[in-house]
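Note sheet for the following structure.
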Protein chains: 2
Amino acid sequence: MPERSKAETPLSADPAEATRAALVSAGLHLFGHKGFAAASTREIAARAGANVAAIAYHFGSKAGLRRACAEEVAARIGHVLGDLGAGPRPATPGEARARLRAALRAITGYLAAAPEAADLAAFLLREITEEGEVLDRLYETTVGPRHRQLCALWGLATGTDPEAEETRLSVFAMIGQVVYFRIGRPVVLRRMGDAGLDPEALTRILIRNLDAALDAALDAAIREVPR
Amino acid sequence: MPERSKAETPLSADPAEATRAALVSAGLHLFGHKGFAAASTREIAARAGANVAAIAYHFGSKAGLRRACAEEVAARIGHVLGDLGAGPRPATPGEARARLRAALRAITGYLAAAPEAADLAAFLLREITEEGEVLDRLYETTVGPRHRQLCALWGLATGTDPEAEETRLSVFAMIGQVVYFRIGRPVVLRRMGDAGLDPEALTRILIRNLDAALDAALDAAIREVPR
DNA sequence: TCAAATGATTTAATCGTTTGATTGAAGTGA
DNA sequence: TCACTTCAATCAAACGATTAAATCATTTGA
């Protein structure tokens, strides 16, 4: 009598869709924390409260579930960053900076607070180190375009070339800081004293620090190329 | 006739020691890139040019090899950061800042240039997400102490409390940037254009950028607490 | 000086278990 | 009923571990 307990999923009217979602959720967690090959289909099914055969039925194979998980990651990244490039093009450097700060806060808040974000980040990281087709697709459809958008904002905020080497690396560093805190959380928590530090407090401190780091980086970029 | 080709190891006078080293090297690579459970003993042995039974013979078990890999990681981190706390205690903030910059450059140079660094970083990252005993030990013996040393330098360079929350997080962010670039290299290279960017050039750009980021972060910390 | 002996290391073969995938029967809602 | 979905049972392949035999480098005894 397996219960759909651990991989809590937004209940859907369609029970089949619920199974799909539960499998993807369980896949994100186990692929992310144990690696693709090490996560057995039995374990994934058990965590999702589904039968092993459901994986083959809904996704064709274990690899199919992996692809579905990647799509879920892409969708959530899109949802969190939302309409980053939408709306009127920032008219002033100040507006661009505000938009950058908002994006950074959105990512930080989501990664630090949302319970499923841990699985998401872990999954993405696994795919990066394994360098397979899934990463290719994920980069082309999501990571690359989003990075270009952030570079454009950075360029507007600093008056520098959005596609300059330095700009691209600076944006990577900015994102890297956030991702790193999510991935390295077990280590960070040890150092910060796991006991008396609730997630909200950590998020607050984190956002304050990252805001400061962003301003510092932008100001430094402006100082280097004043005009 | 398996050859000890892929996992190149500093040849040792003792052939048994060479086997040990080859197994650790292969273990670092495969544990790091596929995860502990997914890396089979057969594959590790094949990559090391050794027999499967050699793992049990030299390390007791697959888990024993994992511990040996962790010790190797600790040793190399110690070697790269060297005598971070040694020498005379920095007398001026400027000296402390220089020492911080040197540490950051050492880490960046090693991670970006040394061929085995990729396996090392991947292994460490896996252990962090899997959160087992190996991470506990690695944190207590290596990561934690080193982080405290860097915080002490940060405190001296900025005149702030070395153990303040902000200091500890800032140091994490600083290290995080470097580690992130090594882990995320596949993504970064895609964005920077894999083709015409040699590792040395990337390292140079990276160090320049990280130097600037460090100065910006330190100056921001000083500005906040003028005293 | 050199064969025999010794302990350390490596080898191929094998054990019981778990893996991903498949199957046909049973269950479910419209 | 009928299409869709889930289920328990089963398969060959690969897994970690173990074993006895083979091989290597050194030391021993005369």
Side-chain angles (χ1 to χ4, degrees), chain A residues 1-5 7 9 11-31 33-69 126 130 132-134, chain B residues 1-7 9 11-27 29-31 33-69 126 130 132-134:
Chain A
M1 50 202 68
E3 295 184 21
R4 195 160 297 176
S5 57
T9 310
L11 21 109
S12 167
D14 186 356
E17 191 54 39
T19 303
R20 264 190 73 101
L23 284 172
V24 167
S25 179
L28 278 175
H29 179 84
L30 290 170
F31 288 154
H33 283 78
K34 310 180 68 171
F36 175 74
S40 75
T41 52
R42 284 168 174 81
E43 193 178 1
I44 295 172
R47 188 182 172 89
N51 189 275
V52 229
I55 294 175
Y57 177 79
H58 285 284
F59 307 99
S61 65
K62 189 184 177 185
L65 174 58
R66 180 192 211 166
R67 282 187 292 272
C69 289
R126 294 275 182 181
E130 293 182 13
E133 298 175 19
V134 175
Chain B
M1 48 194 67
E3 295 186 21
R4 197 158 297 177
S5 57
K6 293 188 178 175
T9 309
L11 20 109
S12 164
D14 185 356
E17 190 55 39
T19 304
R20 267 189 72 102
L23 284 172
V24 167
S25 179
H29 180 84
L30 290 170
F31 287 153
H33 283 77
K34 311 181 68 172
F36 175 74
S40 76
T41 53
R42 287 169 173 81
E43 194 179 358
I44 295 172
R47 189 183 171 89
N51 190 275
V52 228
I55 295 174
Y57 179 79
H58 285 284
F59 306 100
S61 67
K62 190 184 176 185
L65 174 58
R66 182 192 209 167
R67 283 188 291 273
C69 288
R126 293 275 183 182
E130 293 182 14
E133 298 175 19
V134 174

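In what follows, every chain begins at residue 1, and chains take the letters A, B, ... in the order their sequences are listed. Basis for what follows: all heavy atoms, side chains included, without hydrogens, waters or symmetry-related copies.
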Exercise for the section: Using a cut-off of strictly less than 4.0 Å, decide whether B:T19 has a side-chain nitrogen or oxygen near OP1 or OP2 of C:dT10. Expected result: yes
Could you list the protein-to-nucleotides 17-19 of chain D atom pairs, N/O on both sides, closer than 3.5 Å?
{"residue": "D:dA17", "atom": "OP2", "partner": "B:K62", "partner atom": "N", "Å": "3.2"}

Problem - Phosphate-side-chain proximity, B:H58 and C:dA8, N/O vs OP1/OP2 below 4.0 Å - result: no
Exercise for the section: Ignoring the backbone of A:S40, work out which of C:dT19, C:dT9, D:dT5 is nearest its side chain. Expected result: C:dT19
Exercise for the section: Quick one: label B:A38 by what it contacts on the DNA or RNA (base, sugar-phosphate, nothing), any heavy atom closer than 4.0 Å. Expected result: nothing
Exercise for the section: Check the distance between D:dA14's P and B:K34's NZ and give it to me in whole angstrom. Expected result: 12 Å
Exercise for the section: Write down the distance between CZ (A:R20) and C1' (D:dC4), rounded to a whole number of angstrom. Expected result: 14 Å
Completion exercise
One should read off an interatomic distance between A:I44 CD1 and A:S25 OG, to the nearest 0.5 angstrom, of 11.0 Å
Practice task
Starting from P on D:dG16, measure out to CG on B:L23 and report it in whole angstrom.
Solution key: 13 Å
Exercise for the section: Can you sort out the partners of A:A53 under side-chain contact (heavy atoms from CB on, under 4.5 Å), two or more places apart, ordered by chain and number? Expected result: A:N51
Problem - Integer-rounded Å distance: D:dT5 P and A:F59 CZ - result: 12 Å
Handout entry: By salt bridge (Lys or Arg N to Asp or Glu O under 4.0 Å) - contacts of A:K62 (at least two apart)
Key = none
Handout entry: Gap between atom CG of A:L28 and atom NE2 of A:H33 - 0.5 Å precision
Key = 10.5 Å
Completion exercise
The salt bridge (Lys or Arg N to Asp or Glu O under 4.0 Å) partners of B:E133 (sequence neighbours excluded) come to none
Practice task
Sort and list the pairs that fulfil ring pair (Phe, Tyr, Trp, His ring centres under 6.0 Å) and have at least one residue in residues 36-69 of chain A, not counting sequence neighbours.
Solution key: A:F31-A:F36
Handout entry: Distance, rounded to the nearest Å, where B:Y57 contributes OH and C:dT9 contributes C1'
Key = 5 Å
Practice task
Could you tell me the separation between the CD1 atom of A:I44 and the C1' atom of C:dT19, rounded to a whole number of Å?
Solution key: 12 Å
Problem - A:E17 CD to C:dT28 C1', straight-line distance once rounded to whole Å - result: 17 Å
Problem - Pairs touching residues 48-57 of chain B that satisfy salt bridge (Lys or Arg N to Asp or Glu O under 4.0 Å), sequence neighbours left out - result: none
